[in-house]
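Comments concern the structure below.
In what follows, chains are A, B, ... by sequence order, proteins preceding strands, each numbered from 1. Computation of the quantities below employed the complete heavy-atom set of this structure, encompassing side-chain atoms and omitting hydrogens, waters and symmetry-equivalent molecules.
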Amino acid sequence: MPDRAFFARDSRMVAPDLLDLVLVHGERSGRIVEVEAYAGPDDPGSHGFRGETPRTAAMFGPPGHLYVYFTYGMHWCANVVCGPEGTCSAVLIRALAPLSGLEEMRAARGPVARRDVDLCSGPAKTCQALGLDGSHDGVDLCGGAGPRLVVGGFGRPARIGRSTRVGLTQGVDHPWRWFVAGDPNVSKGRPSGPDGDGPSR
DNA sequence: ACCGGGATGTTCT
DNA sequence: GAACATCCCGGTG
């Protein structure tokens with residue numbers, strides 16, 4: 001598991017380094033293959049742009065914890081909180097390459113997840129597949145129980161792609177999305193950037 | 001394959 | 001009352 005200091009950096013520094021980690025929850029786990037960095041007062045695309053609110057409290061909390069939020073009336077999305085406590089800095093987990101617990105993931109995702117690539121190829125799919133929700137907001141990823149992060153040991157990806165972030169109306173020009181180029185779990189049809197787009201299929 | 005729209009409810013203005 | 005860090009389905013080509 002990464003040192004606490006690993007997370008106590010700006011999210012834009014941590015984000016690409018997360019591409020070698022595995023998110024684990026119970027029997028279910030997957031390699032992180034797509035992330036987006038969010039900052040604070042300097043990032044109009046961030047939930048923390050206008051300061052701390054009850055919803056975003058975890059974003060301002062200690063690094064290495066989860067920030068889990070509810071959106072569009074039905075979806076949960078999970079972030080890894082970064083930076084020193086008191087600052088707003090987090091990395092959204094956008095996609096995993098499933099490694100274990102695939103039967104549990106299929107049961108959680110339902111019949112719509114026909115192929116393995118349908119399990120974790122998006123931020124809300126990832127939360128649903130791993131069973132993450134509001135009860136995990138603020139939990140310590142470096143703690144013993146519950147969801148945690150472990151080193152994957154895959155080595156640095158051969159090619160790390162980079163682009164602008166997905167689904168925003170503010171801060172759309174910041175190239176703060178990173179992904180493992182060529183991985184089929186990376187969400188599709190996404191904005192291109194200085195270093196190319198995600199996979200075409 | 002691609003595109004447009006609906007679902008659904010919390011949060012903040 | 002509007003926006004929302006999304007996903008899924010049904011239409012068309």
Next on the checklist: Under 4.0 Å, heavy atoms only, any strand: does A:G122 hit a base, just the sugar-phosphate, or nothing?
Outcome noted: sugar-phosphate
Checklist entry - Taking CG from A:N79 and P from C:dT6, how many angstroms apart are they, rounded to a whole number? => result 11 Å
Checklist entry - With sequence neighbours excluded, what pairs up with A:H75 under the side-chain hydrogen bond (donor to acceptor under 3.5 Å, both in side chains) test? => result none
Next on the checklist: If you take any heavy atom closer than 4.0 Å to DNA chain C, which residues from residues 102-113 of chain A end up in contact?
Outcome noted: A:R109, A:V112
Checklist entry - Tell me, which pairs form a salt bridge (Lys or Arg N to Asp or Glu O under 4.0 Å) where one or both residues lie in residues 44-66 of chain A, sequence neighbours left out? => result none
Checklist entry - Mind checking what makes ring pair (Phe, Tyr, Trp, His ring centres under 6.0 Å) contact with A:W176, not counting sequence neighbours? => result A:H174
Next on the checklist: Listing request: all salt bridge (Lys or Arg N to Asp or Glu O under 4.0 Å) pairs with a residue in residues 117-137 of chain A, at least two apart in sequence or in separate chains.
Outcome noted: A:R115-A:D118
Next on the checklist: Suppose the criterion is side-chain hydrogen bond (donor to acceptor under 3.5 Å, both in side chains): which pairs have a residue in residues 78-87 of chain A, not counting sequence neighbours?
Outcome noted: none
Checklist entry - Given the rule that a pair is Watson-Crick or G-U wobble with both distances under 3.5 Å, how would you write DNA chain B in dot-bracket, using | for pairs to a different strand? => result |||||||.||||.
Item to check | ring pair (Phe, Tyr, Trp, His ring centres under 6.0 Å) partners of residues 77-120 of chain A, not counting sequence neighbours, each pair once | outcome: none
Give the table of side-chain donor-acceptor pairs shorter than 3.5 Å for residues 59-70 of chain A, with sequence neighbours excluded, one pair per line with atom names and distance.
residue : atom : partner : partner atom : Å
A:H65   : ND1  : A:G138  : O            : 2.9
A:Y67   : OH   : A:H47   : ND1          : 2.8

Checklist outcome for this item: Applied to residues 114-136 of chain A, the ring pair (Phe, Tyr, Trp, His ring centres under 6.0 Å) test, sequence neighbours excluded, yields A:H25-A:H136
Item to check | Summary of protein contacts for nucleotides 8-13 of chain B, nucleotide by nucleotide, where a base hit scores B, a sugar-phosphate-only hit scores S (4.0 Å, heavy atoms) | outcome: BBSSSS
Checklist outcome for this item: For A:R12, the salt bridge (Lys or Arg N to Asp or Glu O under 4.0 Å) test, sequence neighbours excluded, returns A:D10, A:D42
